[in-house]
Amino acid sequence: MAGFLEPPIKKQKSEDNNTAFNSNQSTSQNSTNGKVNGHTNNTPVNRNPPFCKFPSSPKFNNTFDPKPRHSDHLKALIKQRRALPIFPVRAKLLSELEKQDFVILIGETGSGKTTQIPQFLHEQRWDRKGAICITQPRRVAAITISKRVAEEMDTKLGGLVGYSVRFEEAVSQSTKLKFVTDGMLMREAIVDPLLSKYSWIILDEAHERTISTDVLFGIVKDAHKNRKANGKDPLKVIIMSATMDVDHFSNYFHKCPVLYVEGRQHPIDMFYAKEKQDDYVLTSMSTVFQIHKEAPPQHDILVFLTGQEEIDSVVHTIRQIAKDSSLSEYPRLRVHPLYAALPAHQQLEVFRATAEGERKVIVSTNIAETSITIPGIRYVVDSGRAKIRSYHPNSGFDMLKVRKISQAQAWQRAGRAGREAAGHCYRGFTREEFDALELNPVPEILRSNLASVILQLLAIGIKNVLTFDFIDKPSPEHVQEAIEQLTLLGAVTVQSETLELTETGKKMAQFPLEPRYAKVILSGPEYGCTDEVLSIIAALSSESVFVNPSGKREAAAIAKRKFISVEGDHITLLKIIRAFKAVKSNKMWCHENFLNFRNLTYALEVRKQLVQVCQRCGVNISSCQQNFDAVRRCLVAGLFTSVSELQLDGRYLTLAAKQEATIHPSSVLFGGKPAYVLFTELVHTGQTYMHVNTPVDAQWLYDVAPEYFRKRHIKINP
DNA sequence: GAGCACTGC
């Protein structure tokens with residue numbers, strides 16, 4: 001224990017980073033906040049925010065008239081609005097936006113850009129001819145921001161201001177300020193590639209580089225060009241972001257101007273490890289106790305680690321150490337884990353205010369980087385690690401690996417300490433190691449299966465996906481692999497080097513699903529089991545429906561037996577969904593059967609949406625009742641590229657890439673040796689595992705894709 | 001007999 005208490009890190013204040021988050025500096029004219037300065041070593045960042053330097057243009061003034069009827073609450077809101085850093089630069093901003101079709105706006109947390117700019121545009125009545133659409137990477141953000149803006153504008157949500165996210169929307173004919181998830185706007189583009197409803201598109205949080213934002217970059221550029229060419233009203237585009245590689249973005253958007261607005265962030269002291277640490281978990285824990293012994297009570301600590309298991313064990317250890325009598329003179333420690341898989345009531349614990357004489361320690365995954373904001377955090381301990389998923393085109397498996405985070409992520413994490421007051425960030429890595437980190441995270445689009453993206457681009461009418469104007473081009477292998485998959489699924493045909501969407505492909509694009517799942521559903525009518533595969537695919541779209549509490553493994557296993565089918569995991573899922581529907585989504589029933597109510601409810605919601613898409617596409621929904629062979633054959637029709645074959649030595653090799661894989665112990669097929677296994681995904685952890693599996697007949701494989709399997713020489717049993 | 005960061009349609 002003494003090892004933990006002995007700090008391996010010597011306090012080492014880094015001069016430039018100490019000032020980096022200094023709010024005094026960030027109010028001066030030629031500096032924004034920490035992130036900008038944090039990048040100065042490596043990035044050509046314009047450190048002269050033009051907003052602060054130029055006088056207001058006479059055409060746009062910096063005031064607006066609150067109507068006298070306003071309540072005290074509204075007056076307070078107006079006061080808050082006027083105090084935002086974006087407010088003084090309103091005029092300059094508007095004059096720039098009037099002139100330009102594309103503008104990049106860099107502003108850190110607290111600048112007010114997201115809530116104010118849509119209102120500025122509305123106040124100019126620039127939304128007369130078309131609405132303003134503002135995208136967010138996350139649903140909650142889209143909803144909460146729209147609520148805030150509606151409140152500020154003193155209108156009812158769903159009227160002038162609205163939102164639209166999957167499964168939920170509040171919009172009407174009169175909605176002019178519409179907050180949506182980026183995925184939602186992608187969907188809209190399939191129906192309306194010119195985005196003709198909108199006069200302004202604001203892509204917010206662009207630095208996060210989600211697949212959808214990246215694709216939208218290209219789509220808005222295309223829509224802008226085509227609207228111009230067709231003599232339609234121009235599309236105006238604002239890219240909003242925290243600090244990023246500005247030149248890269250500006251060059252992409254026709255060398256458009258980049259505007260800066262300062263953020264509002266309290267100063268943060270940065271501490272780096274003096275020397276390399278070889279055990280980041282141990283380093284993080286000892287840092288917590290070092291802080292604990294020095295910091296005043298109620299100054300809470302947020303620790304960033306990588307995953308559930310690691311976090312649970314660290315939480316346990318910290319609690320054990322905290323009991324030691326040598327620590328009795330210090331504040332009482334309240335330690336909480338935080339990760340997405342945690343039940344909601346346990347997640348809520350982290351929001352509970354710290355009592356007097358107490359200190360809260362939150363040990364979290366990167367969920368606390370952006371998705372969840374915890375009040376009271378004054379200290380951040382950053383292990384510098386996160387789990388990141390990447391996809392390998394040739395082998396087709398997903399890797400979920402612990403990796404070093406990027407500099408941008410490190411700044412984001414540090415920033416969590418400075419939201420309410422001056423904060424501190426302790427980094428379990430040296431300054432040299434920090435400098436050696438990648439500046440920005442690898443964009444999602446460069447580490448994902450592109451089949452969905454390519455299908456959607458084709459559906460939008462972008463003919464040449466090979467030359468699509470991605471801001472960062474995926475590798476040709478990635479693109480080629482996606483095209484091959486789509487060809488095998490019968491979604492596209494390749495004719496003299498151009499891709500053509502088939503009728504099936506057009507329908508597939510309508511589904512909010514991976515193309516191979518959409519293909520399963522579209523194959524439903526042929527096997528008379530659309531009803532069944534809808535349930536299975538909906539279940540696959542959700543997180544695991546099983547609950548497996550560590551103390552009650554035995555009981556959970558017994559409960560699962562009721563639903564287990566020798567016909568595999570997919571049929572087992574089907575039985576569970578059927579049973580859940582039969583008990584009318586009973587929560588108690590879920591509890592008794594060790595099933596996850598939230599995820600099952602989500603699955604039914606997805607199912608409902610899929611049914612609607614089926615109706616739109618004219619897909620007949622019929623049931624095969626107990627004919628599970630039909631269901632399995634139907635699964636093969638979409639998932640036939642995910643099949644492995646039993647070898648003479650008892651191993652399995654995937655047919656697609658001859659990759660060795662093992663049946664995961666959570667599968668009902670575990671311990672058995674069917675000749676052919678259809679799996680849902682390959683996950684590469686210690687070994688390569690097949691997750692969610694169904695045994696299939698070789699003959700079925702031939703029936704669905706004769707050529708594909710002839711090449712692979714599968715053996716048909718007599 | 002293994003173990004899974006986080007979003008989104």
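Quick caveat, the model's predicted, so the values are computed rather than measured. Any value given below was found using the heavy atoms of this structure, including those in side chains, with hydrogens, waters and symmetry copies removed.
A/Ile388 comes within 4.0 angstrom of no nucleic acid atom, judged by non-hydrogen atoms across all strands. No contact: A/Arg403 has no heavy atom under 4.0 Å from any strand. Across all strands, A/Val165 comes closer than 4.0 Å only to sugar-phosphate atoms, never to a base (heavy-atom distances). When heavy atoms are screened at a 4.0 angstrom cut-off, A/Arg187 is found touching base atoms of the nucleic acid. Using a 4.0 Å heavy-atom distance criterion, A/Thr365 is classed as a sugar-phosphate-only contact. A/Met186 comes within contact range of no nucleotide atom at all, as no heavy-atom separation falls under 4.0 Å. Residue contacts for A/Thr181: at a heavy-atom cut-off of 4.0 Å it reaches the sugar-phosphate backbone alone, with no base atom in range.
For DNA chain B, the contact window with chain A, defined by any atom under 4.0 Å from a protein heavy atom, covers B/dG1 to B/dC9 in 5' to 3' order.
With respect to the salt-bridge test (charged N to carboxylate O, under 4.0 angstrom), the residues A/Glu208 and A/Arg138 qualify.
A/Ser541 is linked by a side-chain contact (heavy atoms from CB on, under 4.5 Å) to A/Leu513, A/Ile537, A/Val606, counting only residues two or more places apart in sequence or in another chain. Residues passing the side-chain contact (heavy atoms from CB on, under 4.5 Å) test with A/Gln510, sequence neighbours excluded: A/Ile190, A/Val613, A/Arg616, A/Cys617. Not counting sequence neighbours, the partners of A/Glu349 by the side chain to side chain donor-acceptor pair (under 3.5 Å) test are A/Arg352. Applying the side-chain contact (heavy atoms from CB on, under 4.5 Å) test to A/Lys506 and every residue at least two apart in sequence or in another chain returns A/Leu501, A/Glu503.
Sorted pairs that involve residues 548-561 of chain A and meet salt bridge (Lys or Arg N to Asp or Glu O under 4.0 Å), not counting sequence neighbours, are lacking altogether.
Between A/Tyr339 and A/Glu514, it is A/Tyr339 whose nearest contact on DNA chain B lies nearer the 5' terminus.
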